[in-house]
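Keep in mind it's a predicted model, so treat the numbers as computed, not measured.
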Amino acid sequence: MSTLTDPGAAPATAPAPRGTYGDTAVITATFVRLKLALMRNGLRQTTGRKAGFLTSVVVAAVFGGFGLAGLLALGGSRHIAALGTVLVALIALSWAFVPVFLGAVDETLDPARLAMLPLRPRSLMTAQLVASVVGVGPVFTTLLVAGAALGTARGAAGYTVAVAATALTVLTCTVLSRAVATANAGLLTSRKGRDLAILSGVVIALGIQGVNLAVQKLADGRSAEPLHTLADVARWLPPATSVEAVRAVSAGAYGVAAAALAGTVAALGLLLWWWQRSLTRLMTSPGGTPWTESGGGAAVPAGDGGQEAGKERTGSGGTVRERLLPSGRAGVVAQRALRYAWRDPKAKMSWAMAIGMGLLFPVIWASTGSATVYHACWGAGLLGMQMYNQFGMDYSGFWLVAQTITSAEDAYAELRGRMLAIALVGVPFTVTVVLVAAAVVGDGQQLPDALGISLALLGALLGCGALASVLFPYSVPQDNAMRNVGAGQVSLVWYGVVGGLVASALVCAPLIALTVWLHASAAGWAWVVLPLGAGYGAAVAWAGLRLAAARTVDRLPEILAAVSRS
């Protein structure tokens, strides 16, 4: 009774204070078990998903193991420290931006899904951090980082610091990934923020290619200067400073090693502070979560099939339909596709990446000294890939479009309009990329046949993409800016995209064989590949369009179920 009447008396059993080690340990263990359970249950859903996971495990083990062995074999080389420093910097860059801008974030760690849980930020951070290192990616990263650190190390002190540097680097990369993902959870759901993210993603991709280009200079055995130049900058940028610490302590420069390790530790502390601040704001601010309308919402759905799109005027010269597109449903659908390609952030990023990388590849190969005009085919290939999974990009609004498809002719007009929208950009872009490649390489003689092959490849990808959109549709999550594929549907992406690429290569094989034969036997007639390639590409695109339209009506229920899956 004294405990009820005396306010100063302690209760018989005092509850544990919130945020204690015990609570954090329980939450962390729960998160780890949850992630393992989700991985296990996901593998039970489909054979394709299980095969994809096992393939990723094998690939990570093989390439990670070979990377570790190769870096250890380079131990003693004067280039190993520079190579390890640049490799760790590239790994950190990948951990920071690839999950956000390429949709590879683990959905179980999405902070938006945890915003309503009664968890303290520090406990949630610890649980997310531990759960983040459970998976194939962290193991692959650990193998490469360990190879870079151990390959650089010399002596007992060097190997001791290398072990600590490996753990510190993996921890820093994981925290960096979580902090960036949490900070961008709200950014990627606003219109301006999504546009900025698209631009950032393109710039980062171009930067990665620049690093890759510099690293490739070492492979020719003639010039390692770009690698050392990059390493001179990266060695003082955490977490690459950890490799610098290993190099310095192996050389006896203990002061430099201590400063390098201190820089990595300081960066880790700043990242933890940033992560906690972003997580607290996300979980407490009104509209701070992407699930709310104030966060900007998701992309505009496909709506009513775009019948009103053709009524809007684009300028004083008339409508888009009146200028470039045919009349009827195909023209209206093309206008709708172009409009949503500009408004939908995920579609916009895909287009921006394809155009940016298509223009950059000829320059990259030219700088390596091994470029040909035929490398411009990458531009056509990247644009042609936009035809894949056309129905999935309509999100849940596809059911309205599906109501208007009652015959093969309706399906043909729908798919033709979508293909026209891509061709309207793809054909001029392909011509431009081939011209740029010819100018950069300085080889105008191969321009006609390179352009012909590029146009044929574009047409083949458009035709195969239309067929893959019908046979292997998959959903694109509308309410999650960090995911581009619905849960359990990764295998469909592999079947559709990889299968489509192989089919396109096989379709273009006769034209490529003809080009090789003409150069070997009748080089003066190689120009005929240009008209043949243009006509061949158009014929293949039309054939794929017809085949896809014939299958659409029968598969409409399956398509609708696949693209509407969350």
Side-chain angles (χ1 to χ4, degrees), residues 299-344 346-348 350-351 354-355 380 383-395 397-432 455 458-470 473 534-535 537-553 556 559 563:
V300 180
D304 60 355
Q307 276 72 11
E308 297 297 325
K311 299 180 181 179
E312 299 182 12
R313 303 187 68 84
T314 59
S316 58
T319 63
V320 174
R321 177 196 290 182
E322 293 171 352
R323 291 181 175 182
L324 300 174
L325 298 173
S327 59
R329 175 169 180 159
V332 176
V333 170
Q335 294 176 56
R336 184 196 68 203
L338 290 172
R339 179 170 286 108
Y340 291 152
W342 177 255
R343 293 180 178 178
D344 182 1
K346 291 184 178 180
K348 187 187 294 187
S350 179
W351 278 83
I355 293 174
L383 257 296
M385 293 293 293
Q386 305 305 310
M387 188 65 195
Y388 287 76
N389 197 38
Q390 279 293 305
F391 300 135
M393 290 305 299
D394 285 350
Y395 307 107
F398 175 69
W399 74 273
L400 289 172
V401 179
Q403 306 305 313
T404 66
I405 301 177
T406 59
S407 65
E409 291 304 316
D410 291 336
Y412 176 80
E414 179 72 24
L415 288 169
R416 178 170 173 249
R418 295 169 187 255
M419 184 180 292
L420 284 174
I422 299 174
L424 190 64
V425 179
V427 173
F429 177 78
T430 299
V431 175
T432 301
L455 292 174
L458 177 63
L461 285 170
L462 292 176
C464 293
L467 195 58
S469 296
V470 175
V540 172
W542 176 83
L545 196 61
R546 280 296 181 186
L547 290 174
R551 298 293 303 276
T552 300
V553 176
L556 203 56
I559 297 173
V563 302

>> I'd like to know if the side chain of Ser469 reaches the main chain of Gln390, judged simply by a donor and an acceptor atom lying under 3.5 Å from each other, with no hydrogens or angles considered.
In response: yes

>> Please evaluate residues Ile355 and Leu383 with respect to the criterion side-chain contact (heavy atoms from CB on, under 4.5 Å), reporting the C-alpha separation (whole Å), side-chain torsions for both, the decisive distance (0.1 Å), and the verdict.
In response: CA-CA 7 Å; Ile355 293 174; Leu383 257 296; 4.1 Å; yes

Over all heavy atoms of both residues, which pair between [X] and [Y] is shortest? Give the atoms and the distance, please.
X      : Y      : result
Trp351 : Ile422 : CH2-CA, 3.9 Å
Leu420 : Ala334 : CB-CB, 4.3 Å
Cys464 : Tyr388 : CB-OH, 3.7 Å
Ala421 : Ala337 : CB-CB, 3.7 Å
Ala423 : Pro428 : O-CD, 3.8 Å
Leu545 : Met419 : CD1-CE, 3.7 Å

>> Show me the pairs that pass salt bridge (charged side-chain N to carboxylate O under 4.0 Å, His left out) and involve residues 458-467, at least two apart or across chains.
In response: none

Could you grab the distance from atom [atom1] of [X] to atom [atom2] of [Y], nearest 0.5 Å is fine?
X      : Y      : atom1 : atom2 : result
Leu458 : Gln386 : CG    : CD    : 11.0 Å
Glu414 : Arg418 : CD    : CZ    : 4.5 Å
Leu547 : Leu415 : CG    : CG    : 11.5 Å
Asp410 : Ser407 : CG    : OG    : 3.5 Å

> What residues, two or more places apart in sequence or in another chain, satisfy side chain to side chain donor-acceptor pair (under 3.5 Å) together with Glu409?
Replying inline: Arg546

>> Are the side chains of Thr552 and Tyr412 in contact, using a 4.5 Å heavy-atom criterion?
In response: no

